[in-house]
Amino acid sequence: MSFPYVRFTLGLVAVFIFHAECVPADGPAFSTIVIDASVVFECAGIGDIDGDGKNDIVSGSYWYSYPGFERHFICEIAEKSNYRDDFSNSLMDVDGDGDLDIVSVTWFTEQCLWRENPGSPSGTWKEHLIDKPGNCETGYLDDLSADGVPDLVVDVAQAINWYEHIDQPPYWKKRSPGKEGVQHGFGTGDINGDGLKDIVTPKGWYEAPQDPSQDPWAWYPEFDLGSTGVPNLVFDVDGDGLNDIVFGMGHDYGVFWMRQNPAPDGGKRTWTRLEIDKSWSQAHAMFYVDLDLSGKPGFITGKRYYAHNGQDPGAEDPIGVYFYQYDRKQSTWIKTNLDYGNRVGFGLMPAVGDIDRDGDLDAVCSGKSGLYLLLNKLK
């Protein structure tokens with residue numbers, strides 16, 4: 001297998017007992033591959049763009065063909081205030097023609113849109129507008145409609161929206177569960193254990209009805225997380241049968257979780273806020289993953305480099321990408337440094353997937369410091 005310049009990075013591990021008490025341990029190792037250090041797009045996607053059976057990488061104006069990562073042009077993307085106006089690169093076959101298209105959102109032009117795969121490396125990608133809902137921080141795909149097809153979830157500064165994918169033009173239908181939860185940060189997951197994906201905002205959560213296409217959704221202002229990143233993760237951290245919330249402070253120090261407490265008969269659900277790690281800042285994106293194939297998933301996250309052009313707390317601190325697992329027996333968080341102190345970080349919406357199709361998960365790290373691949377060495 002041939003790659004461009006490769007630097008091998010061993011996993012360095014520490015255990016956090018809520019307040020950063022540390023002991024050494026073993027963890028997964030990754031090799032760091034420089035895909036394109038010259039690009040500054042903050043989003044990425046993993047998928048087979050050219051239909052050759054191999055997963056490629058998409059980031060902003062370009063896609064990179066596996067395994068040599070040759071760069072191919074997609075489209076020009078405007079630059080403003082040291083940002084590129086392309087804040088999500090989710091890959092799916094929007095129009096049902098058999099190839100992967102790119103679903104994106106923008107901040108400055110306030111759009112949700114998709115770019116149609118031309119079917120050839122040299123073809124022109126046609127852009128289609130989905131909606132102009134306001135300033136879109138970022139977006140990702142999740143099946144909120146519970147029909148087995150991913151929908152577009154968007155963190156909009158002025159609204160709570162998601163877009164149900166339908167199988168005929170214009171391919172998207174706007175859903176608006178409510179207005180109460182508008183704040184910086186967003187997530188999706190099953191809070192109440194009914195099998196449907198709810199919406200989690202920093203101010204509380206929206207309960208998905210049995211027919212998720214029906215608006216509005218019931219609103220529960222049960223917590224105040226502050227200005228979080230995207231997405232807020234929902235999973236059962238401690239194994240008590242109740243799903244908890246894991247989140248990062250997108251523009252400040254800290255990664256935390258909210259433990260869901262059992263509600264007494266007829267009583268209200270309560271939450272306990274617990275610290276995971278406050279040693280670094282700008283945890284703006286995270287993914288729920290099983291990196292070591294242990295059957296004990298955790299989450300991968302990383303520092304967003306210059307999220308607000310150096311104005312956030314800790315902006316000049318070292319950049320890093322980290323994997324956290326919860327040890328239920330010891331009630332501790334295990335932290336693995338996948339890459340630290342180099343140029344590899346997490347932008348607005350990087351990507352996690354099996355790039356080399358060897359059965360383990362890799363991470364494409366996109367941001368203002370360049371585009372990199374963390375290749376899992378488990379297999």
Side-chain angles (χ1 to χ4, degrees), residues 88 90 92 94 103 105 112 130-131 133 136-156 159-167 171-183 185-225 228-247 257-271 285-290 297-299 349 352:
S88 177
S90 300
M92 68 176 295
V94 174
V103 183
V105 302
C112 302
I130 298 173
D131 191 21
C136 301
E137 178 84 9
T138 190
Y140 62 95
L141 300 178
D142 199 2
D143 184 13
L144 290 190
S145 57
D147 62 356
V149 178
D151 306 302
L152 174 59
V153 179
V154 186
D155 182 35
V156 184
I160 300 294
N161 294 333
W162 63 281
Y163 296 85
E164 183 177 0
H165 183 266
I166 56 179
D167 60 4
Y171 300 115
W172 306 95
K173 192 162 186 178
K174 183 176 182 177
R175 305 299 185 191
S176 300
K179 299 179 179 179
E180 302 91 341
V182 173
Q183 190 173 328
F186 205 84
T188 48
D190 185 4
I191 291 290
N192 57 353
D194 64 355
L196 298 172
K197 297 284 184 70
D198 306 303
I199 292 175
V200 180
T201 84
K203 294 182 177 181
W205 64 284
Y206 290 95
E207 181 183 6
Q210 286 301 306
D211 181 359
S213 66
Q214 299 299 309
D215 295 326
W217 292 15
W219 167 246
Y220 299 94
E222 295 177 349
F223 42 73
D224 186 356
L225 308 182
T228 71
V230 182
N232 304 316
L233 303 180
V234 178
F235 63 97
D236 184 2
V237 171
D238 51 5
D240 65 353
L242 300 174
N243 279 339
D244 310 295
I245 302 170
V246 173
F247 60 98
W257 67 292
M258 295 290 284
R259 182 175 62 202
Q260 184 177 167
N261 303 310
D265 290 343
K268 294 183 178 180
R269 180 185 292 102
T270 61
W271 302 82
M286 55 180 55
F287 301 87
Y288 177 59
V289 291
D290 184 1
F299 66 96
M349 188 54 64
V352 174

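- The CG atom of Leu144 lies 5.0 Å from the CH2 atom of Trp217; values are rounded to the nearest 0.5 Å.
- With hydrogens and angles ignored, the 3.5 Å screen pairs no side-chain donor or acceptor of Trp219 with any backbone N or O of Pro177.
- Between Trp205 and Tyr220, the ring planes are parallel. Angles under 30° get that label, and only those over 60° would be called perpendicular.
- Across all their heavy atoms, Thr201 and Leu225 have their closest contact at O-CD1, 4.1 Å.
- Side-chain contact between Tyr163 and Asp131 is present, with heavy atoms from C-beta onward closer than 4.5 Å.
- No side-chain heavy atom of Met92 sits under 4.5 Å from any side-chain heavy atom of Leu152.
- Closest approach of Pro133 to Asn161, counting heavy atoms only: CB-ND2, 3.5 Å.
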Next on the checklist: Go through it in stages, so that I can follow the logic: the residues are Tyr140 and Val230, the test is side chain to side chain contact (heavy atoms under 4.5 Å, CB included), and I'd like the CA-CA distance, side-chain angles, deciding distance and then a yes or no.
Outcome noted: CA-CA 9 Å; Tyr140 62 95; Val230 182; 4.0 Å; yes
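- Nearest heavy-atom pair, Ile191 versus Asn243, reported as atom, atom and distance to 0.1 Å: O-CB, 4.4 Å.
- The only option from Thr270, Asp244, Asp240 that meets the side chain to side chain contact (heavy atoms under 4.5 Å, CB included) definition with Asn261 turns out to be Thr270.
- The shortest distance between side-chain heavy atoms of Phe186 and Val154 does not fall below 4.5 Å.
- Side chains of Asp143 and Pro150 form no contact here, defined as non-hydrogen atoms less than 4.5 Å apart.
- Nearest heavy atoms, Val153 versus Trp162: CA-CB, 4.4 Å.
- Taking every heavy atom of both residues into account, Thr228 and Gly185 meet most closely at OG1-CA, 3.2 Å.
- The OG1 atom of Thr188 lies 12.5 Å from the CG atom of Leu196; values are rounded to the nearest 0.5 Å.
- Atom CE of Met349 and atom CE of Met286 lie 10.5 Å apart (nearest 0.5 Å).
- Atom CZ of Arg175 is separated from atom CG of Asp151 by 9.0 Å, given to the nearest 0.5 angstrom.
- At least one donor-acceptor pair under 3.5 Å links the side chain of Asp215 to the backbone N or O of Ser176.
- Looking only at side-chain heavy atoms (C-beta outward), Asp190 and Asp198 come within less than 4.5 Å of each other.
- To the nearest 0.5 angstrom, Arg259 atom CZ is 6.5 Å from Asp238 atom CG.
- Across all non-hydrogen atoms, the minimal contact from Leu233 to Phe287 is CD1-C, 3.9 Å.
- Between Val352 and Phe299, the closest side-chain pair of non-hydrogen atoms is not below 4.5 Å.
- Under a cut-off of 6.0 angstrom, the local environment of NZ in Lys174 is crowded, with over 12 non-hydrogen atoms contributed by other residues, nucleotides or ligands.
- Between Glu164 and Ser213 there is a side-chain heavy-atom pair separated by less than 4.5 Å.
- Between His165 and Tyr171, the ring-plane angle classifies as parallel under the 30° and 60° cut-offs.
- Rounding to the nearest 0.5 Å gives a distance of 9.0 Å between CG of Asp236 and CD of Gln260.
- At least one donor-acceptor pair under 3.5 Å links the side chain of Tyr206 to the backbone N or O of Gly181.
- Here the side chains of Phe235 and Pro297 are not in contact, with every heavy-atom distance at 4.5 Å or above.
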